[in-house]
Amino acid sequence: MAFMSSRNKDKFILGIETSCDETAASVLRPPKEVLSDVVSSQIDVHSHYGGVVPELASRHHLKNIVWVVDKALRDASVGLDDIGCVAVTQGPGLVGALVVGLSFGKAISATRGLALVGVNHVHAHLHAIFLEDVHIQFPYIGVIVSGGHTAIYIVRGELDYELLGQTRDDAAGEAFDKVAKVLGLPYPGGPIIGKLATQGDPNRFHFPRARLRATPYDFSFSGLKTSVINTIRSLQQSSPGDVPVADIAASFQEAVCDVIVEKALMASKDTGIGTIVLSGGVASNKRLRDLFHERCKARGISFMVPERRLCTDNAAMIAALGARLWMHGKTIGLDADVYSRGV
Ligand code: KG4
Ligand code: ZN
């Protein structure tokens with residue numbers, strides 16, 4: 001196994017993220033000192049459509065990537081001469097969007113003779129906790145809840161992930177976004193539903209929790225989503241103008257959170273692993289964080305979640321995992337392709 005050469009040991013790493021609707025770049029001094037963290041969101045572009053439009057996402061990455069990377073270097077007060085490695089999200093995500101970041105990373109790597117590493121976006125979410133000042137012991141149960149992925153892992157080492165289960169249909173964040181759309185709320189729906197839910201009654205509606213006995217660590221949110229949408233539609237017909245939006249938001253959020261926490265606790269119990277780490281965009285949901293804290297504390301399980309900014313898409317987590325891959329000599333060549341799937 002090739003390790004980082006001594007020539008590179010004082011060099012920084014440039015992280016680039018373009019897997020969905022955030023163009024992001026970050027400069028990191030390995031292993032975890034974030035010198036800059038720039039995120040340019042395309043929410044305004046996609047909110048009119050109620051979800052991410054892949055072609056528009058690619059075009060906006062193309063438009064923004066130069067200034068985003070330039071700002072990350074400036075904010076860190078470094079130049080490309082100080083960079084030893086470029087870490088780019090290689091997948092999973094939107095192909096056209098990933099291609100922009102990977103091509104840009106290849107161009108920098110080729111022209112400056114820098115190492116290039118391809119980072120798995122979901123593994124980077126799992127790794128985000130290492131940017132916090134915490135002491136983590138392996139193995140731990142890693143739970144990723146985002147707009148594109150919902151999955152539970154046993155994390156045995158920094159680069160050693162065993163997938164226990166994942167969603168069979170919608171991701172948790174996708175369910176938030178779709179329910180919000182039916183309620184007439186803009187994309188992304190998660191933060192707005194989270195806010196509305198604080199005013200609502202989580203017990204007003206009892207929405208289904210899919211338990212999937214044969215594959216207990218897998219998730220399914222499509223039945224829940226359909227049940228919520230049917231409830232909204234029938235209320236819109238029976239009492240138009242008087243739909244209890246806050247109660248629906250709170251009851252829906254409770255069902256999603258309940259199922260995620262329950263499966264994570266089951267994984268902890270079945271494996272005897274006493275630490276759970278949560279991340280991904282939906283991990284910024286206050287109710288989910290509170291419920292994890294509450295139920296883990298009651299069972300003597302240690303629970304960790306990164307600060308909100310590190311839960312949603314960012315390039316610091318790409319650079320952080322990229323630094324580990326670089327250290328272990330796991331570089332990619334200029335012929336590397338992106339991948340749309342794979343957790
Ligand atoms: O991890 P992320 O930034 O991007 C992906 O990799 O998908 O996650 C974005 C998702 C969106 O579906 C958004 O609605 C959801 O995270 N989200 C939330 C909250 N903040 C973002 N969901 C529930 N509550 C929130 N506070
Ligand atoms: Zn993500």
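Ligands are counted one by one from 1 in listed order, and the atoms in each one are counted from 1 as well. We number each residue from 1, following the sequence as shown.
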**Fill in**
Atoms of ligand 1 under 4.0 Å from any heavy atom of T312, numbered from 1 in the order shown, are 3 (O)

**Prompt:** To the nearest 0.5 Å, what is the distance between CG (L164) and OG1 (T271)?
**Reply:** 7.0 Å

**Asked** Can you find a side-chain donor-acceptor pair between H60 and D21 that sits under 3.5 Å?
**Response** no

**Asked** Got the closest protein heavy atom to atom 24 (N) of ligand 1, with its distance?
**Response** N285 ND2, 3.1 Å

**Complete:** min-distance protein heavy atom vs atom 3 (O) of ligand 1 -> D313 N, 3.0 Å

**Fill in**
Heavy atoms of C257 and R287 approach each other most closely as SG-CG, 4.2 Å

**Heteroatom N/O/S of H125 within less than 2.8 Å of the Zn ion (ligand 2)** = yes

**Request:** Looking only at protein heavy atoms, identify the closest one to atom 15 (C) of ligand 1 and say how far it is in Å.
**Result:** V282 CG2, 3.9 Å

**Message:** Yes or no: does H125 have any heavy atom under 4.0 Å from an atom of ligand 1?
**Reply:** yes

**Message:** Quiz question: by atom type and distance under 3.5 Å, do the side chains of T23 and H61 form a donor-acceptor pair?
**Reply:** yes

**Complete:** re atom 20 (N) of ligand 1, the protein heavy-atom contact at minimum distance is S284 OG, 3.2 Å

**Per-residue contact class, H121 against ligand 1 - non-hydrogen pairs under 4.0 Å** = side chain

**Prompt:** What atom name does the N, O or S atom of D313 nearest to the Zn ion (ligand 2) carry?
**Reply:** OD1

**Aromatic ring pairing F221/F219, orientation class (parallel under 30°, perpendicular over 60°, tilted between)** = parallel

**Request:** Closest by any non-hydrogen atom to atom 22 (N) of ligand 1: pick that one out of C20, G190, A175, S279.
**Result:** G190

**Prompt:** With a 4.0 Å cut-off on heavy atoms, is G194 touching ligand 1?
**Reply:** no

**Message:** Counting only nitrogen or oxygen atoms and a 3.5 angstrom limit, does G148 reach ligand 1?
**Reply:** yes

**Message:** Tell me the contacting part of D177 for ligand 1: side chain, backbone, both, or neither, using a 4.0 Å heavy-atom threshold, strictly below.
**Reply:** side chain

**Message:** If I apply the N/O under 3.5 Å rule, does G173 come out as touching ligand 1?
**Reply:** yes

**Request:** Answer yes or no: is there a donor N or O on one side and an acceptor on the other, between the side chain of R299 and the main chain of K269, under 3.5 Å?
**Result:** no

**Item:** Distance, nearest 0.5 Å, that separates CD of E158 from NE2 of H127
**Value:** 5.5 Å

**Message:** How long is the straight-line distance from OG1 of T18 back to CG of N64, given to the nearest 0.5 Å?
**Reply:** 11.5 Å

**Asked** Which protein non-hydrogen atom lies closest to atom 10 (C) of ligand 1, naming both residue and atom, and how far is it?
**Response** G147 N, 3.4 Å

**Asked** Any N/O/S of H121 under 2.8 Å from the Zn ion (ligand 2)?
**Response** yes

**Asked** What protein heavy atom sits nearest atom 21 (C) of ligand 1, and how far away is it?
**Response** G281 O, 3.5 Å

**Prompt:** Would the number of heavy atoms belonging to other residues, nucleotides or ligands and lying under 6.0 Å from CZ of R308 be above 12?
**Reply:** yes

**Request:** For the pair H293 and F303, name the ring-plane relationship: parallel under 30°, tilted 30 to 60°, perpendicular over 60°.
**Result:** perpendicular

**Message:** Restricting to non-hydrogen atoms, name the atom on L265 and the atom on C296 that form the minimum distance, rounded to 0.1 Å.
**Reply:** CD2-SG, 4.0 Å

